[in-house]
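Worksheet: one structure, shown below.
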Amino acid sequence: MSGPVLALVALAGDVPDRGSLEVLRLARKVAGAIGAPLEALVVADAAAGRAASGSLAGSGVTTALVVDHPGLTPDHPDGWAASVAQVVETRRPEAVVGIGTERGNDLLARVAARLDLPLAANCLSVEPGERYRLTRQRWAGSLLEDCWLDAPVRLLTVAPNTVPVEAADASPTPSVEAVPVTLTDADLAVHVTGREAPDRGRISLIDARVVIGGGRGVGSSEGFADLEELAGLLGGAVGGSRVVTSAGWRPHSDQIGQTGLRIAPDLYIACGISGAIQHIVGCKAAKHILAINMDAESPIMNVAEYAVIGDLHTVVPAISAEIRRRRAVEA
Amino acid sequence: VPATGGRILLTTDGSAIDTRHLGFPVSPHEECAVEEAVRIVEGQGGSTAVLTLGPVEAEEQLRDAMAIGIERAVLLETDGTDWDPVATAGAIVDATRAQEAASGPFDLILFGNESADSGGFQVGIRVARALGRPIVTGAKGLSVGDGKATVRREAAGGGWESFELPLPAIVSVKEGINLPRYPSVPGRLRARKKEIERSTPERRAGGLEKIVLRLPQEEVTSATILGQGADAAPAVVDLLAKIGVLDR
Ligand SMILES: Cc1cc2nc3c(=O)[nH]c(=O)nc-3n(C[C@H](O)[C@H](O)[C@H](O)COP(=O)(O)OP(=O)(O)OC[C@H]3O[C@@H](n4cnc5c(N)ncnc54)[C@H](O)[C@@H]3O)c2cc1C
Ligand SMILES: Nc1ncnc2c1ncn2[C@@H]1O[C@H](COP(=O)(O)O)[C@@H](O)[C@H]1O
């Protein structure tokens, strides 16, 4: 008989978080394909895990596993890795599925290192078989790799925001089982020792409805004044390409792209940005993209929905002036 | 990694990126890891080494690291095909042990948080486990002293969290931890004369095997041109109104 498929579930309050819904969906498909039961290991303290079990109804989970260990909090990366590794050893799953966020990949990589198993990070699809055939993301999703995963237990993470989440079906609330784990001092040695609250105040790039991005074409840190002015008029935020953060024109926290932020505003205005794939992966979730660029042949023209050809230092102030003019007429 | 510009081109058999016309910068996280090592040693003394596993051409990137102040460089030479994370980590562990046996232990080993091209999110963690050292990933702040490393990173729900690790430790870093310097001309000249330690590592079986690479299905659109220069402003503002972002 085959072992279960194990889904790692993290909580937002007392329901699975968005990434865990994707994990459950993919894990359920794998379980269905191989005729295995689907079990969920809740990565939270046992009381929260028990409280959340009702919210796992409708996702096909037969058993919710909670880890009963006093000193273990979600702040202990190795404590959780040791716990998952022990659950793998006792329940012998066919596959373990987690979420491909930074923390999710960190956790399963630690599990993989402990069990000396391969790990496939950021998968989009899985075909089980003697070897599993996977599609996974490389280059932050700009490139896909089809590959074989050949291992006694298949460890994989799901690329976030790629699996459509299904509505719950009639499957019942899972039974809850507490799993004992043994943790050493070394497993609990690495843990969070301090916290700082997020800086509030200016509109964050993540939350802004309009983001104005500046690239090499802006020319200098002073050159961003034109972009700031337009952002101010639209209640938006200013970000940029890696060229502008590497040059020190803007802080790295403003960088959009593969090694910066992923944003999803209603409108992204890319000013003096050529459209390198490493930048585009950070802004392609925008509903609309407007490019302002001197070069009508620039690769950004194949990504943007709208474009203005011209010098951004002429175009951007003209847009601000037109907004002011219309607002003055209305007032 | 290859600097791919606006579009990735694959070889006709889909086995690799067509890199014939591309430059190969060190990718951002790793560039920051190198800079961080140089800064730590500038601040409190000690010595530094850089290591890469890759084809002989990767010598150039090792020299870039030496040009900003890394003292020693180690090349684990491959035929340039992809190594999976288990194989890569195994070779790095062997090389680290050999280095430590010859030149003494490393207090700190820095990795990038994830490789830009393959994105396995695991090599540093595997090396840490094999060497029995603590690791924290995603560092955007690092200080070393009193036998420990203090790491600051962005918390999953916003804000920041910190960790303390007893040395020897391993930390994987992200771009933004520092602003890497550009190498100076004398730095480059000095680096060109330096010896690189080479070896040919053994490749162990990993369990992940590439079949083929492909590009995601994304529509290539062609932008609607709203106009040229300042004259386009009214059309742009009409667009802002149409998509509902003009009125705050
Ligand atoms: C592993 C890796 C990760 C990376 N991560 C990121 C990342 O997270 N984010 C990121 O942005 N990049 C990233 N990059 C870098 C990326 O590959 C590009 O080098 C970068 O995005 C280019 O920035 P740019 O468009 O501002 O500059 P350029 O490519 O130089 O483009 C400048 C553009 O401005 C236009 N222009 C010039 N002057 C004007 C003017 N006055 N008015 C209007 N238009 C003008 C030009 O026509 C051109 O299109 C990464 C690279 C690698 C290898
Ligand atoms: N071929 C390699 N040579 C040297 N370091 C590597 C190599 N591959 C991965 N690494 C290191 O391991 C980190 C994580 O890689 P990965 O697990 O592939 O995401 C990278 O940021 C590098 O610091």
Side-chain angles (χ1 to χ4, degrees), chain A residues 102-103 105-106 109-110 112-114 118-122 137-140 142-151 189-190 192-198 209-210 234-235 248 252 258-259 266-267 274-277 288 291 299 301-302 304-310 314-315 318-319 322-323 326, chain B residues 4-8 28-29 84 86 116-122 125-126 129 134 136-138 155-156 158-165 174-176 179 206-216 220-230 232-234 236-237 239 243-246 248:
Chain A
E102 301 241 323
R103 296 300 177 270
N105 281 326
D106 177 295
R110 287 177 199 259
R114 279 171 185 262
L119 162 66
N122 295 316
Q137 291 183 334
R138 299 175 61 145
W139 287 99
S142 306
L143 182 64
L144 303 180
E145 172 186 2
D146 291 337
C147 60
W148 295 116
L149 173 60
D150 189 2
V190 174
V192 173
T193 52
R195 284 188 191 289
E196 293 156 61
R209 287 180 60 210
V210 180
L234 297 173
H252 180 268
Q258 178 167 348
T259 50
D266 289 344
L267 175 65
S274 65
I277 57 162
H288 305 279
M301 298 299 160
N302 296 323
E305 189 180 347
Y306 304 98
V308 174
I309 311 301
T314 313
V315 177
I319 297 169
E322 176 68 10
I323 293 172
R326 291 195 196 183
Chain B
T4 50
R7 209 152 71 93
I8 291 183
H29 297 326
D84 94 344
V86 168
D117 54 347
S118 99
F121 289 84
Q122 57 190 273
I125 288 172
R126 288 185 188 277
R129 180 75 189 169
V136 169
T137 57
W160 296 86
E161 57 193 18
S162 39
F163 293 82
E164 281 176 10
L165 307 179
K174 289 178 72 170
E175 189 183 30
L179 187 55
L208 263 185
E209 190 193 321
K210 177 171 69 186
I211 303 167
V212 74
L213 300 177
R214 44 197 182 86
L215 297 174
V220 178
T221 51
S222 142
T224 304
I225 308 290
L226 298 178
Q228 312 269 339
V236 171
V237 180
L239 174 71
I243 62 186
V245 296
L246 188 54
R248 276 169 291 175

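In what follows, chains carry the letters A, B, and so on, assigned in the order in which the sequence lines appear, proteins first and then strands, with residues in each chain numbered from 1. Note that this is a predicted model, so its numbers are computed, not measured.
- Proximity to chain B (any heavy atom under 4.5 Å) is restricted, for A:Asn122, to the side chain, taken from C-beta onward.
- The part of B:Leu165 that comes within reach of chain A is its side chain, from C-beta onward, which places non-hydrogen atoms under 4.5 angstrom from that chain.
- Only the side chain of B:Val86 comes within contact range of chain A, with at least one heavy atom under 4.5 Å from a heavy atom of that chain.
- Looking at A:Arg114, both its backbone and its side chain come within 4.5 Å of chain B, counting heavy atoms on both sides.
- To the nearest 0.5 Å, atom CZ of residue A:Arg209 and atom CD1 of residue B:Ile243 are 9.0 Å apart.
- The distance from the CG atom of A:Asn302 to the OG1 atom of B:Thr221 is 6.5 Å, given to the nearest 0.5 Å.
- Between the CG atom of A:Leu143 and the CZ atom of B:Arg214 there is a distance of 9.5 Å, given to the nearest 0.5 Å.
- Residue with the most contacts toward chain A among B:Gly244, B:Ala232, B:Ser222, B:Gly176: B:Gly176 (heavy-atom pairs, distance under 4.5 Å).
- Taking 4.5 Å as the limit, some side-chain heavy atom of B:Lys210 sits within range of a side-chain heavy atom of A:Arg138.
- The contact between B:Leu226 and chain A is made by backbone and side chain atoms together, counting heavy-atom distances below 4.5 Å.
- Inter-residue side-chain proximity for B:Ile8 and A:Ser142 is flagged as met; some heavy-atom pair is nearer than 4.5 Å.
- Within the 4.5 Å cutoff, the side chain of B:Pro216 has no heavy atoms near those of the A:Gln137 side chain.
- Counting heavy atoms from C-beta on, the side chains of A:Leu119 and B:Arg126 come closer than 4.5 Å.
- Between B:His29 and A:Thr259 there is a side-chain heavy-atom pair separated by less than 4.5 Å.
- A:Arg195 touches chain B through backbone and side chain together, each having a heavy atom under 4.5 Å away.
- In this structure, B:Glu164 CD and A:Thr193 OG1 are separated by 4.5 Å, a value rounded to the nearest 0.5 Å.
- Looking at A:Trp139 and B:Asp117, their side chains come closer than 4.5 Å, going by heavy atoms from C-beta outward.
- In this structure, the separation between CG on B:Leu213 and SG on A:Cys147 is 10.0 Å, given to the nearest 0.5 Å.
- Contact annotation: the side chain of B:Phe121 never approaches that of A:Asp106 to less than 4.5 Å [non-hydrogen atoms, C-beta and beyond].
- At a 4.5 Å heavy-atom cutoff, A:Ala291 makes no contact with chain B through either its backbone or its side chain.
- Put simply, OG1 on B:Thr137 and CD on A:Glu102 are 7.0 Å apart, with the number rounded to the nearest 0.5 Å.
- A:Glu145 touches chain B through backbone and side chain together, each having a heavy atom under 4.5 Å away.
- In this structure, chain A has heavy atoms under 4.5 Å from both the backbone and the side chain of B:Val136.
- For A:Val210, the part lying under 4.5 angstrom from a heavy atom of chain B is the side chain only.
- Side-chain atoms of A:Arg110 and B:Arg129, non-hydrogen and from C-beta on, never get closer than 4.5 Å to each other.
- With a 4.5 angstrom heavy-atom cutoff, A:Pro299 touches chain B only via side-chain atoms.
- Interface residue B:Lys174: only side-chain heavy atoms are found under 4.5 Å from chain A.
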